[in-house]
Amino acid sequence: MSLSIEITPDPAHACAAMLLGAASGGGHVVLTGGSTPATAYGELARAVGEVGVDLSDTTLWFGDERCVAAEDDRSNYKLARDSLLANLADENQPRVMRMRGELGPHEGARAYETTLQEEGTPEFDLLLLGLGPDGHCASLFPGQDTLKERSRLVLGVPEAGLAPFVPRISLSLATLCSAPSVVFLVSGSAKADAVAAAFGADSRPSEQVPSSLVAHGASGEVTVLLDPEAAAKL
Ligand code: 6PG
């Protein structure tokens with residue numbers, strides 16, 4: 001396992017370049033939700049068009065989803081559709097494995113786990129995560145029992161620990177840690193404390209900071225892309 005921290009004024013640009021590399025040539029890429037990645041997804045769409053990358057053999061997965069309709073503004077799928085997919089040519093659309101949040105947390109998790117297994121549980125070429133101010137990633141929240149699950153690939157999360165307070169579907173900690181390349185994309189001063197707790201020199205794996213369990217427990221490379229504001233307390 002290796003942990004590298006990259007501080008840059010434009011982490012979205014760095015993230016888009018990493019996503020482009022992983023998505024080229026038919027990779028399996030896991031997208032994150034929230035608001036931070038929208039800029040990176042838009043830059044990825046532009047880069048795909050400019051470079052002429054073929055995404056038709058690429059498969060996009062999701063790290064987590066809110067249990068809302070796909071058209072709901074809180075949907076992580078909608079974020080990716082509006083910022084990335086809508087800006088790709090029709091003939092260059094990747095396969096998109098949407099988490100069906102409308103099924104609810106437990107049925108939705110079982111359905112996604114079945115889809116992963118039916119696809120042969122592919123190795124993810126890049127797994128993108130954000131970081132909540134409470135240290136959560138995907139929909140794995142501090143102190144929740146989901147962090148103790150060791151066998152499931154995908155979990156239902158009945159209660160979110162941070163807004164939006166809707167049930168969630170989330171890849172499990174074990175699944176997050178199994179990816180050869182995990183990338184955290186984090187920006188803004190509101191994340192500075194969580195960044196220090198998860199990735200700082202004195203950070204230790206803790207169930208109170210779920211992202212620290214990935215940073216210190218992942219089997220592959222962990223890259224943390226930060227702007228100076230998010231890195232302020234490192
Ligand atoms: C979600 C995300 C979540 C997100 C962080 C950061 O469904 O909410 O997957 O893990 O990455 O909460 O969100 P922001 O980018 O909005 O700060």
Side-chain angles (χ1 to χ4, degrees), residues 10-12 14-16 18-19 29-44 60-70 72-84 97-102 104-105 108-109 112 124 126-144 146-147 154-173 175-177 179 182-195 197-199 209-215 218 222-227 229-232:
D10 190 354
C15 181
M18 294 185 78
L19 287 169
V29 175
V30 181
L31 300 181
T32 190
S35 56
T36 304
T39 305
Y41 295 163
E43 286 210 27
L44 172 61
L60 298 181
W61 302 84
F62 287 85
D64 73 323
E65 184 55 279
R66 292 82 179 272
C67 291
V68 296
D72 189 303
D73 284 339
R74 296 168 294 181
S75 163
N76 290 339
Y77 164 76
K78 186 174 185 290
L79 168 79
R81 189 196 67 189
D82 295 350
S83 56
L84 172 58
M97 312 305 268
R98 183 176 72 88
M99 284 183 168
R100 291 184 287 164
E102 65 275 16
Y112 209 67
F124 298 131
L126 188 151
L127 188 147
L128 181 62
L129 291 171
L131 175 71
D134 61 348
H136 86 262
C137 57
S139 282
L140 301 177
F141 294 98
Q144 293 199 353
T146 50
L147 297 170
V154 190
L155 302 171
V157 183
E159 291 189 19
L162 209 62
F165 292 102
V166 294
R168 310 288 189 91
I169 300 167
S170 181
L171 296 185
S172 66
L173 180 64
T175 302
L176 300 184
C177 289
V182 176
V183 177
F184 282 89
L185 172 62
V186 192
S187 64
S189 56
K191 306 293 180 72
D193 287 325
V195 165
F199 311 119
V209 187
S211 296
S212 70
L213 299 174
V214 179
V222 178
T223 304
V224 184
L225 303 175
L226 303 171
D227 65 9
E229 293 77 14

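Numbering of ligands and ligand atoms starts at 1, following listing order.
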Task: Shortest reach to atom 1 (C) of ligand 1 by a heavy atom, considering only Asp64, Leu128, Val186 - done: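 Heavy atom nearest to atom 1 (C) of ligand 1 belongs to Asp64.
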Heavy-atom pairs closer than 4.0 Å: do any link ligand 1 to the side chain of [X], the backbone, both, or neither?
| X | result |
| --- | --- |
| Glu65 | neither |
| Leu129 | neither |
| Thr36 | both |

Quick one: does [X]'s side chain have a donor or acceptor within less than 3.5 Å of a partner on [Y]'s backbone?
| X | Y | value |
| --- | --- | --- |
| Asp134 | Phe141 | no |
| Asp227 | Gly188 | yes |
| Tyr112 | Met97 | yes |
| Ser211 | Gly135 | yes |
| Arg66 | Arg74 | yes |
| Glu65 | Arg98 | no |

Open item on the list: I want to know if ligand 1 touches Asn76 in the polar sense, i.e. an N/O pair below 3.5 angstrom.
Closed with: yes
Tell me the protein heavy atom at minimum distance from [atom], and give that distance in Å.
| atom | answer |
| --- | --- |
| atom 6 (C) of ligand 1 | Leu131 O, 3.6 Å |
| atom 17 (O) of ligand 1 | Lys191 NZ, 2.7 Å |
| atom 4 (C) of ligand 1 | Gly33 O, 4.0 Å |
| atom 13 (O) of ligand 1 | Gly34 CA, 3.9 Å |
| atom 5 (C) of ligand 1 | His136 NE2, 3.6 Å |
| atom 8 (O) of ligand 1 | Arg66 NH2, 2.9 Å |

Give the atoms of ligand 1, by number and element, whose distance to some non-hydrogen atom of [X] is under 4.0 Å.
| X | answer |
| --- | --- |
| Arg168 | 1 (C), 7 (O), 8 (O) |
| Gly130 | 11 (O) |
| Thr32 | 9 (O), 11 (O) |
| Ser35 | 14 (P), 15 (O), 16 (O) |

If I compare all heavy atoms of [X] with all of [Y], which pair ends up nearest, and what's the gap?
| X | Y | answer |
| --- | --- | --- |
| Val182 | Phe184 | CG1-CE1, 4.0 Å |
| Asp64 | Ser170 | CB-CA, 4.0 Å |
| Leu185 | Ala12 | CD1-N, 4.0 Å |

TODO: Could you go through the salt bridge (Lys or Arg N to Asp or Glu O under 4.0 Å) check for Lys78 and Asp72 one step at a time?
DONE: CA-CA 7 Å; Lys78 186 174 185 290; Asp72 189 303; over 6 Å; no
Task: Heavy atom of Ala138, distance to ligand 1 below 4.0 Å - done: yes
